[in-house]
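Convention: sequence-line order gives letters A, B, ...; per-chain numbering from 1. For clarity, every value in this text was computed on a predicted model and none was experimentally measured.
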Protein chains: 2
Amino acid sequence: MRVTLRDVAERAGVSIMTVSNVINGNRARVSPETIERVQRIAAELGYVPSASARSLSARSSRLIGLLVPAADEDSLMISPHNVAMVGQIERELRRLGYHLLLRGIANQREVTEALQSWSLDGAILLGFLDEQVDGLTAKTVGSVHVLAIDSYSTNPLTIGPRSDDFTGARLATRHLLDLGHRRIVFAGPAFTGVGVVHERFEGYRQAHADVGATWDGQFIETVNTTHADGRELGLGLLDRHPEATAVFATADVLAIGIMRGLAESGVRVPDDVSVVGFDDLDLCEYAVPRLTTVSQDITAKAATAVRMLIDSIENGARPSEPVTITVSLVKRESTAPAPHQ
Amino acid sequence: MRVTLRDVAERAGVSIMTVSNVINGNRARVSPETIERVQRIAAELGYVPSASARSLSARSSRLIGLLVPAADEDSLMISPHNVAMVGQIERELRRLGYHLLLRGIANQREVTEALQSWSLDGAILLGFLDEQVDGLTAKTVGSVHVLAIDSYSTNPLTIGPRSDDFTGARLATRHLLDLGHRRIVFAGPAFTGVGVVHERFEGYRQAHADVGATWDGQFIETVNTTHADGRELGLGLLDRHPEATAVFATADVLAIGIMRGLAESGVRVPDDVSVVGFDDLDLCEYAVPRLTTVSQDITAKAATAVRMLIDSIENGARPSEPVTITVSLVKRESTAPAPHQ
DNA sequence: CTGAAAGCGCTTACAG
DNA sequence: CTGAAAGCGCTTACAG
């Protein structure tokens, strides 16, 4: 049987309320001797507060949901980049005395269920598309504080942190331009007028403008963010773009696939073609050659997300605008001066 | 304000109990018309049951904890291999109507707190050392059903699934032996007389015995399971073992590091030295050459873990012995016939 | 500094 | 087929 407040109270010869006050650190209300005695007895008995009882009677559950998209019968769709986020988020929440409920979301309707059933104090959306974030309304989220990571949705309910995608792409492209490259392929998934990929594309464009380089729409290659698609692109790259001397890929996995495709078709990286990625996964260090890429500060992003959310929960300070997390360029071995043509 | 059973009951003109029965599918007890009406009204009102109220009054919380080791101020220590496990476990639990609480554990004492505070129905230990698993007693786990994945601890409280490490290593080593290799280095972390690495070592030894090959204790290389340590080993491998023609590494990341070290020191893989890994991470396909490795059936392992745990919870059928998950050898490009010496 | 009462939203026997 | 009562373990005003 579980040890309850009542058990501790009886043993200590005080009321349940007093024990509750001691456990919750409302010390001003209890005499030092009582505090000491109650704490000792609680420890002896191995008392652990019941979180469900707490969340039922108090307004707060100290439970945060981490919602991640999941195709219906599929596993969670956590990208390698987001994996690190999960670990960091858990750590930050634990440090602040919150617990984490990890939940895959197969369809919009599940969001409400996920948020309400455990009376979550808040929730973090990780890896959702902007359209999905747009779809959240006051009705679906209720009174739960929600925050989306890496979202460019303008939904005021979900404002959170995101990496500086624009600057990252601009740095990466500028690095290539500075090395003398003028025919740089942009490789990434299809994009619209808003969102992560769009921002990275704009950064790529801006870098060209920064140095007065012309830029050609021909150089956009739309591919899925997979190693296989990257390899495919790498294999045919110089057939499609004989003048190209560099590639900026919107993800490391993609970039590494491209490097493989290039290698298999006899193109040397970086001697013939330079390649830059985005994310700075561990993978980059393992690749041959080591991949030059844009590094995101995952720890900062996770910590910021948690801080914003908890702030919003505890102080009612809903953020008014997104926080941008700084990125940096990590130069490794996959980029070199443009070859003379 | 939250919609409660009472709200639905009032609107439907029935008692709270009847609504509860309908929501929980105890249909035998309610007339079809009432069921229909209650369901319609619950949907209209957007009723979502309160999980904390449920778990407080019922014996079941339908909450499963996923406990993962975490150094005190550190992020979760989830290996690449275990990442996939998390996603699969969440999916299986969701399919069965359970929720997942993800919790980092910095010290043994936190286990009790984690298990009791949310009245977990059960918990899965992922990535714990056998010694830590050994330390769990009836007192620390209370009445919570617990299961450890990939553990060789003999603790009867934590019996769960684990990959067939012995057979995996045996297959990998046999593959090398069949290719004519007779000087095969075993590279892995330090191990004792029990545990995952020990099992893999025994498999390595057994494979030698299977073909009547002699085996030399000199060939054991103790390294951390990191790319950096692998590279270090690869760099000096032929200095330390001039006769070696192959390496069996207990992890893919390690194997890929070894391949890099070998390449950097001018040794060709697989022409001069063959390398085999363990895990079959996505990484293996990205490596150059693609890594031959032992594949674990992660989906099966996760599904088995969840099935065993839920079975234990719902039917009181505590497993009496561990379930071994089949492994297989995936031949890729990092292994070739032994060179003539 | 300490306590008795009400209530959070549900489920579980027990009646009818 | 349907319901009234008790209780799960806590917290929140409100008294004293």
Side-chain angles (χ1 to χ4, degrees), chain A residues 1-39 41-42 45-63 99 113 116-121 142-143, chain B residues 1-39 41-42 45-63 99 113 116-121 142-143:
Chain A
M1 276 297 80
R2 157 166 226 137
V3 178
T4 70
L5 273 191
R6 152 165 281 119
D7 299 326
V8 179
E10 279 179 1
R11 270 264 230 154
V14 296
S15 75
I16 286 179
M17 245 228 66
T18 298
V19 180
S20 171
N21 279 139
V22 171
I23 298 295
N24 292 305
N26 297 334
R27 299 168 172 226
R29 301 183 164 192
V30 190
S31 73
E33 306 83 61
T34 310
I35 290 180
E36 193 281 323
R37 187 157 36 90
V38 168
Q39 283 181 330
I41 293 177
L45 264 43
Y47 171 71
V48 177
S50 158
S52 20
R54 239 178 203 171
S55 86
L56 186 58
S57 67
R59 1 114 153 85
S60 154
S61 64
R62 294 193 87 79
L63 238 198
H99 285 142
E113 194 269 333
Q116 315 259 311
S117 72
W118 281 100
S119 319
L120 300 182
D121 281 354
S143 60
Chain B
M1 277 298 79
R2 159 166 221 135
V3 178
T4 70
L5 273 191
R6 151 163 282 118
D7 299 325
V8 178
E10 280 179 2
R11 270 262 232 153
V14 296
S15 76
I16 286 178
M17 244 229 66
T18 298
V19 179
S20 171
N21 279 140
V22 171
I23 299 295
N24 293 305
N26 297 334
R27 300 173 171 220
R29 300 185 165 191
V30 190
S31 73
E33 306 83 61
T34 309
I35 290 179
E36 193 282 324
R37 186 157 37 90
V38 168
Q39 283 181 329
I41 292 177
L45 263 41
Y47 172 71
V48 177
S50 158
S52 19
R54 238 179 203 172
S55 84
L56 187 57
S57 66
R59 4 101 158 97
S60 153
S61 64
R62 294 193 86 78
L63 238 198
H99 284 143
E113 194 269 334
Q116 315 261 309
S117 73
W118 281 100
S119 319
L120 299 182
D121 280 355
S143 60

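- Note that CD1 of A:I35 and CD1 of A:I23 are 11.0 Å apart. Values are rounded to the nearest 0.5 Å.
- OP1 or OP2 of D:dG3 lies within a sub-4.0 Å distance of a side-chain N or O belonging to B:S15.
- The two residues B:D7 and B:R2 come nearest to each other via the heavy atoms OD2-O, 3.5 Å.
- With rounding to the nearest 0.5 Å, the separation of OG in A:S15 from CD in A:E10 is 12.0 Å.
- Between B:A58 and B:T18, the residue whose closest nucleotide on DNA chain D is further toward the 5' end is B:T18.
- A sub-4.0 Å separation between OP1 or OP2 of D:dG7 and a side-chain N or O of B:S57 is absent.
- Rounded to whole Å, atom C1' of C:dT12 lies 9 Å from atom CE of B:M17.
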Q) Stepwise, does the side-chain contact (heavy atoms from CB on, under 4.5 Å) test hold for A:Y47 with A:V19? A) CA-CA 11 Å; A:Y47 171 71; A:V19 180; 5.6 Å; no
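- In this structure, the CZ atom of B:R2 is 19 Å from the P atom of C:dG7, given to the nearest Å.
- No side-chain donor-acceptor contact under 3.5 Å links A:S20 to the backbone of A:I16.
- Of the possible polar contacts, one joining the A:S61 side chain to the A:S119 backbone as a donor-acceptor pair under 3.5 Å is found.
- In terms of phosphate contacts, A:T34 brings a side-chain nitrogen or oxygen within less than 4.0 Å of OP1 or OP2 of C:dT2.
- Atom C1' of nucleotide C:dC10 and atom CG of B:N24 are separated by 9 Å, given to the nearest angstrom.
- Put simply, CD1 on B:I16 is 17 Å from P on D:dG7, counting in whole angstrom units.
- Rounded to whole angstrom, the span from the CZ atom of A:R62 across to the P atom of D:dG9 amounts to 22 Å.
- With A:S52 as the partner, the side chain to side chain donor-acceptor pair (under 3.5 Å) test is satisfied by one option alone out of B:S52, B:S55, B:S117: B:S55.
- Listed pair A:S31 / C:dT2 meets the phosphate criterion, a side-chain N or O lying under 4.0 Å from OP1 or OP2.
- Spacing between atom CG of B:N21 and atom C1' of C:dT11 amounts to 9 Å, rounded to whole angstrom units.
- For the segment residues 47-54 of chain A, residues with any heavy atom less than 4.0 angstrom from an atom of DNA chain D are, sorted by number, A:Y47, A:P49, A:S50, A:A53, A:R54.
- Across every non-hydrogen atom of A:T34 and A:V14, the tightest pair is CG2-CG1, 4.1 Å.
- With hydrogens and angles disregarded, no donor-acceptor distance shorter than 3.5 Å links the side chain of B:R62 to the backbone of B:A51.
- Summarising the geometry, the separation between CG on B:L5 and C1' on C:dT11 is reported as 9 Å, rounded to the nearest angstrom.
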**Q.** Dot-bracket encoding of pairs in DNA chain D, which uses [ ] for pseudoknotted crossings and | for another strand, Watson-Crick or G-U under 3.5 angstrom
**A.** |||.||||||||.|||
